[in-house]
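Quick note: numbers below take in every heavy atom, side chains included, and nothing from hydrogens, waters or symmetry partners. Ligands are counted one by one from 1 in listed order, and the atoms in each one are counted from 1 as well.
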Amino acid sequence: MKLEHIGIAVKSLGVSDELFAKLLGKESYKKETVEREGVVTSFYETGESKIELLEASNPESPISKFIDKKGEGIHHLAFGVENIYDEVKRLKNEGFQFISEEPKEGADNKLVVFLHPKSTNGVLVELCQEKS
Ligand SMILES: C[C@@H](C(=O)O)C(=O)SCCNC(=O)CCNC(=O)[C@H](O)C(C)(C)COP(=O)(O)OP(=O)(O)OC[C@H]1O[C@@H](n2cnc3c(N)ncnc32)[C@H](O)[C@@H]1OP(=O)(O)O
Ligand SMILES: [Co+2]
């Protein structure tokens, strides 16, 4: 597995895109809404891994809930895998708990699934696989 991206929950993409562009010295290369996840995303290239800024697209979004509880900050780590179905099977056998075991369409042309933070030391983990 390799670290594909780090997801950061932000209140306002308008504000945070300006901040991260200044910080990283480059503009976001892609903005994409993933309505099923309740997010608007903005991606930055940072070497082999990316930064994904996440703004809530509706009040029931996991991002709204997260920000209400914990404030803005690191929301999840996403690991890129070759075969997401094999990895779900492997990690299930290892005793990890998935939020939903069925990979769904995420941002950036990927299939994604999430492990529950309760089974991963309090860190929300996403697995993602490039769609062919
Ligand atoms: C588009 C895509 C992509 O990259 O392609 C994305 O990334 S989409 C990214 C947005 N989508 C997602 O996050 C989808 C997966 N997330 C979820 O299904 C949810 O957010 C859960 C992780 C199941 C939490 O939902 P739930 O309704 O249970 O919320 P809750 O506030 O009651 O939280 C239950 C417990 O989990 C903790 N918790 C919640 N969100 C957390 C997070 N991001 N990291 C670590 N812990 C977290 C809470 O503090 C709480 O712990 P205590 O019980 O100790 O208080
Ligand atoms: Co993500």
Side-chain angles (χ1 to χ4, degrees):
M1 284 190 200
K2 74 169 196 104
L3 185 60
E4 211 281 334
H5 66 262
I6 296 178
I8 299 177
V10 304
K11 285 183 186 162
S12 156
L13 269 189
V15 173
S16 296
D17 259 332
E18 206 172 306
L19 183 77
F20 274 78
K22 229 185 273 176
L23 176 69
L24 300 171
K26 59 171 82 168
E27 298 294 321
S28 152
Y29 72 89
K30 182 180 207 171
K31 286 194 180 55
E32 191 180 339
T33 299
V34 184
E35 200 45 64
R36 196 189 20 243
E37 295 293 335
V39 296
V40 188
T41 63
S42 178
F43 283 94
Y44 291 82
E45 263 164 343
T46 47
E48 301 213 335
S49 308
K50 300 160 189 155
I51 300 290
E52 176 187 48
L53 300 185
L54 299 151
E55 181 192 72
S57 67
N58 67 64
E60 282 78 47
S61 167
I63 301 304
S64 318
K65 234 177 154 180
F66 180 85
I67 288 177
D68 285 350
K69 269 197 171 168
K70 303 193 189 189
E72 293 178 296
I74 294 181
H75 179 261
H76 65 269
L77 300 183
F79 295 103
V81 299
E82 291 289 315
N83 185 320
I84 198 164
Y85 298 96
D86 286 351
E87 284 299 326
V88 169
K89 225 181 277 168
R90 183 179 75 81
L91 295 174
K92 253 182 75 179
N93 283 337
E94 295 285 4
F96 290 95
Q97 192 189 327
F98 283 81
I99 292 165
S100 154
E101 288 170 20
E102 184 60 28
K104 305 257 166 68
E105 217 164 298
D108 221 16
N109 196 38
K110 302 248 186 337
L111 285 173
V112 304
V113 282
F114 289 88
L115 280 78
H116 201 285
K118 287 216 161 110
S119 74
T120 46
N121 278 179
V123 178
L124 178 61
V125 171
E126 170 188 335
L127 303 181
C128 58
Q129 179 200 318
E130 196 89 39
K131 280 203 304 184
S132 45

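For atom 24 (C) of ligand 1, no protein non-hydrogen atom is found at a distance below 4.0 Å. Distance screen at 4.0 Å: atom 51 (O) of ligand 1 has no protein heavy-atom neighbour inside the cut-off. There is no protein heavy atom closer than 4.0 angstrom to atom 39 (C) of ligand 1. The presence of a protein heavy atom under 4.0 Å from atom 35 (C) of ligand 1 is ruled out. For atom 54 (O) of ligand 1, the nearest protein heavy atom lies 4.0 Å or farther away.
When heavy-atom distances to ligand 1 are checked against a 4.0 Å cut-off, Lys69 comes that close only through its side chain, counted from C-beta outward. At a 4.0 Å heavy-atom cut-off, ligand 1 touches Pro117 through the side chain alone.
If you check which protein heavy atom lies closest to atom 5 (O) of ligand 1, you get Ala107 N, 2.8 Å. Protein heavy atom at the shortest distance from atom 19 (C) of ligand 1 is Pro62 CB, 4.4 Å. Nearest protein heavy-atom neighbour of atom 27 (O) of ligand 1: Lys65 NZ, 2.6 Å. The protein non-hydrogen atom at the shortest distance from atom 42 (C) of ligand 1 is Phe66 CE1, 3.6 Å. Among protein heavy atoms, the minimum distance from atom 12 (C) of ligand 1 is reached at Glu37 OE1, 3.7 Å. Annotation: atom 3 (C) of ligand 1 to nearest protein heavy atom, Glu52 OE2, 3.2 Å. In terms of protein heavy-atom proximity, atom 13 (O) of ligand 1 is closest to His75 CE1, 3.1 Å. Of the protein's heavy atoms, Ile99 CD1, 3.9 Å lies nearest to atom 16 (N) of ligand 1.
Taking the charged nitrogens against the carboxylate oxygens, Glu45 and Lys50 have no contact shorter than 4.0 Å, which rules out a salt bridge. Taking 4.0 Å as the cut-off between side-chain N and carboxylate O, Lys2 and Glu48 do not count as a salt-bridged pair. Salt bridge status for Lys131 with Glu105: present, with a side-chain N to carboxylate O gap under 4.0 Å.
Below 3.5 Å of separation, one finds no N or O of His116 facing any N or O of ligand 1.
The number of heavy-atom neighbours closer than 6.0 Å to CD of Glu27, taken from other residues, nucleotides and ligands shown, is 12 or below. Counting non-hydrogen atoms of neighbouring residues, nucleotides and ligands closer than 6.0 angstrom, the NZ atom of Lys31 exceeds 12 such neighbours. Sparse packing is recorded around CD1 of Ile74, with 12 or fewer heavy atoms of other residues, nucleotides or ligands lying under 6.0 Å away. Within a 6.0 Å radius of CD in Glu18, no more than 12 heavy atoms belonging to other residues, nucleotides or ligands are found. Atom NZ of Lys11 sits in a sparse spot, with 12 or fewer heavy atoms from other residues, nucleotides or ligands closer than 6.0 Å. For NZ of Lys89, the number of neighbouring non-hydrogen atoms (other residues, nucleotides, ligands) closer than 6.0 Å is 12 at most.
Put simply, the side chain of Tyr44 gets close to the backbone of Asp17: a donor and an acceptor are under 3.5 Å apart. Under a 3.5 Å cut-off, the side chain of Glu55 and the backbone N or O of Leu13 do form a donor-acceptor pair.
Listed by chain and residue number, Thr33, Ser57, Asn58 satisfy the side chain to side chain contact (heavy atoms under 4.5 Å, CB included) test with Glu35 (two or more places apart in sequence, or in another chain). Applying the side chain to side chain contact (heavy atoms under 4.5 Å, CB included) criterion to Ala56, with sequence neighbours excluded, gives Ser61, Ile63, Ser64.
Below 4.0 Å from some heavy atom of His5 lie the following atoms of ligand 1, by number and element: 4 (O). Within ligand 1, the atoms closer than 4.0 Å to a non-hydrogen atom of Gly106 are 5 (O), numbered from 1 in the order shown. Atoms of ligand 1 found under 4.0 Å from any heavy atom of Gly122, numbered from 1 in the order shown, are 45 (C), 46 (N). Remark: ligand 1 atoms within the under-4.0 Å shell around heavy atoms of Val112 are 5 (O). Using a 4.0 Å cut-off to heavy atoms of Lys70, the atoms of ligand 1 that qualify are 45 (C), 46 (N), 47 (C), 49 (O). For ligand 1, the atoms sitting less than 4.0 Å from at least one non-hydrogen atom of Leu124 are 13 (O), 42 (C), 43 (N), 44 (N), numbered in the order shown with element in parentheses.
Distances shorter than 2.8 Å separate the Co ion (ligand 2) from the protein N/O/S atoms His5 NE2, Glu52 OE1, His76 NE2, Glu126 OE1.
Taking Ile, Leu, Val, Met, Phe, Trp and Tyr as members and joining any whose side-chain heavy atoms lie under 4.5 Å apart, directly or through other members, the hydrophobic cluster of Phe114 also contains Ile99, Val112, Leu124.
Side chains of Leu91 and Leu127 form a contact here, defined as non-hydrogen atoms less than 4.5 Å apart.
The two residues Thr120 and Val123 come nearest to each other via the heavy atoms OG1-O, 2.5 Å.
A donor-acceptor contact under 3.5 angstrom links the side chains of His76 and Glu52, judged on distance only.
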